[in-house]
Amino acid sequence: MSLARHHARSRREALMKVYASYNIKGGVGKTSTAVNLAHLASAEGRRTLLWDLDPQAAATYMFKVKPRVKGGGHGLVTGKRPLEDAIRATDFGDLDLLPADFSYRNLDLELDDAKKRTRRLDQLIGSLPGVYDVVFLDCPPSISLMSENVLHAADTLVVPLVPATLSVRTFEQLKSFVADSDKPRPDLVAFFSMVDRRKRLHGQVVDSIARDGGARVARTEIPALSIIEQMAERQAPVTAFAPRSRAALLYQRLWAEVRAA
């Protein structure tokens, strides 16, 4: 890393923290995590941006924003469409959204054509210092060029784990993926989501996972609760429409653990 690059990274880190809700596996609660933690960060008075990188646009839908970016992913990656021009306000103060676009399905191809192909996302986020205190990335499930970009852009990967054997195996693959990436590497904070302690397997998996090995596993568990599923119907974070609910309180505890990592 050049000295200039190091200084640029240090300046960005001093001003802004980047969290990525990410897992190789889909259907584990990444979007719910990104949406609720971003809302909690903004509720603390932190200027927060949530970038929905998933072409399925679930986070964008949650905030009642159209999943459309003029110029699409190509415009953002090439710089023809400035990042700030694509950002939209939400119904919540201090929380903005950079919406998804269906063209994001081709982001790997766009990044492959870019200079510094594994660090373009970091460059784009780095163009926003002084504007935001916190950036959340809601990432699609994959191991790809986009994933490599996420590793270089994020300070912390927040990794939801469903308590199942294959999910834990995927987590081991993710830890290896991060360990093999170029420095600086993000911190990993994993947690169990969609937990149902009435199921014997869930309890066994949660209680057996190693709490070390290059990643922190949070103490907070997010259970499988119907009120979390209502987020899509209400198009809002559960921490906003039911702030005193069990789900909201657990997301608050999780955010405290993630923030302290």
Side-chain angles (χ1 to χ4, degrees), residues 1-2 4-6 8-9 11-13 16-26 30-31 33-34 38 49-60 65 67-88 96-129 131-132 134-159 170 173-188:
M1 182 185 298
S2 70
R5 165 68 176 161
H6 173 76
R9 176 82 172 187
R11 284 196 302 272
R12 199 203 75 187
E13 287 180 340
M16 184 166 56
K17 292 284 288 186
V18 180
Y19 300 92
S21 183
Y22 175 73
N23 197 323
I24 298 168
K25 183 176 173 59
K30 294 187 302 297
T31 295
T33 302
L49 173 69
L50 172 59
W51 188 351
D52 186 356
L53 290 166
D54 192 334
Q56 297 182 73
T60 301
V65 175
R68 188 178 304 153
V69 173
K70 187 176 180 180
H74 175 78
L76 296 180
V77 171
T78 60
K80 294 179 180 179
R81 174 72 166 171
L83 213 64
E84 56 267 30
D85 287 357
I87 292 171
R88 298 289 177 263
D96 291 341
L97 176 76
L98 207 168
D101 188 279
F102 194 54
S103 67
Y104 287 4
R105 70 192 187 279
N106 297 319
L107 274 180
D108 272 358
L109 297 175
E110 302 293 350
L111 291 166
D112 195 39
D113 290 337
K115 293 181 180 179
K116 296 185 178 179
R117 58 199 292 270
T118 63
R119 300 184 184 273
R120 183 58 181 147
L121 190 64
D122 185 44
Q123 291 175 331
L124 292 171
I125 295 171
S127 70
L128 297 171
V131 179
Y132 295 103
V134 179
V135 174
F136 278 90
L137 307 175
D138 185 22
C139 306
S142 66
I143 297 181
S144 62
L145 186 53
M146 168 56 75
S147 305
E148 292 184 65
N149 270 266
V150 168
L151 295 191
H152 290 128
D155 299 299
T156 302
L157 293 187
V158 185
V159 184
T170 302
Q173 293 175 329
L174 174 57
K175 288 195 291 184
S176 297
F177 178 47
V178 173
D180 291 340
S181 66
D182 295 335
K183 294 181 179 180
R185 302 184 185 104
D187 296 323
L188 265 69

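Only this structure's heavy atoms are used, side chains among them; waters, hydrogens and symmetry mates stay out.
The line from OG of Ser147 to CG of Asp108 is 7.5 Å long, rounded to the nearest 0.5 Å. Taking CE of Met146 as the reference point, atom CG of Asp54 lies at 10.0 Å (rounded to 0.5 Å). Taken to the nearest 0.5 Å, the CG atom of Leu188 stands 10.0 Å off from the OH atom of Tyr22. Put simply, CG on Asp122 and CD on Glu148 are 13.5 Å apart, with the number rounded to the nearest 0.5 Å. For the atom pair CG of Leu111 and CG of Asn149, the computed distance is 4.5 Å after rounding to the nearest 0.5 Å. Distance CD1/Ile24 to CD1/Ile143: 3.5 Å, rounded to 0.5 Å.
Within a 6.0 Å radius of CZ in Phe102, other residues, nucleotides and ligands contribute 12 heavy atoms or fewer.
Contact record, Leu76 with Ala86: CD2-CB, 4.2 Å, taken as the closest heavy-atom pair. Listed here is the closest heavy atom pair of Lys183 and Arg119: O-NH2, 3.7 Å. Nearest heavy-atom pair across Ala58 and Asp52 is N-OD2, 3.8 Å. When every heavy atom of Phe177 is checked against every heavy atom of Leu151, the shortest pair comes out as CE2-CD1, 3.7 Å.
Listed by first and then second residue, the side chain to side chain donor-acceptor pair (under 3.5 Å) pairs involving residues 67-87 are His74-Glu110 (not counting sequence neighbours).
Two residues are said to be in side-chain contact when any heavy atoms from C-beta on lie closer than 4.5 Å; Leu53 and Pro140 meet this criterion. Contact annotation: the side chain of Thr118 approaches that of Leu145 to within less than 4.5 Å [non-hydrogen atoms, C-beta and beyond].
Here Phe136 pairs with Tyr19, Trp255 under the ring-ring contact (aromatic ring centres under 6.0 Å, His included) rule; sequence neighbours left out. Listed by chain and residue number, nothing satisfies the ring-ring contact (aromatic ring centres under 6.0 Å, His included) test with Tyr104 (two or more places apart in sequence, or in another chain). Remark: Ala34 pairs with Ser21, Leu50, Asp138 by the side chain to side chain contact (heavy atoms under 4.5 Å, CB included) rule, at least two apart or across chains. With sequence neighbours left out, the side chain to side chain contact (heavy atoms under 4.5 Å, CB included) criterion links Ser103 to Asp101. A search for side chain to side chain contact (heavy atoms under 4.5 Å, CB included) contacts involving Leu109 returns Asn106, not counting sequence neighbours. For Pro99, the side chain to side chain contact (heavy atoms under 4.5 Å, CB included) test picks out Thr60, Val65, Val69, Arg88, Leu97, with sequence neighbours left out.
Between the side chain of Asp96 and the backbone N or O of Leu49 there is no donor-acceptor pair closer than 3.5 Å.
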**OP:** Start with the C-alpha distance between Leu137 and Leu121, add both sets of side-chain angles, then the distance that settles side chain to side chain contact (heavy atoms under 4.5 Å, CB included), and finish with yes or no.
**Re:** CA-CA 10 Å; Leu137 307 175; Leu121 190 64; 4.1 Å; yes
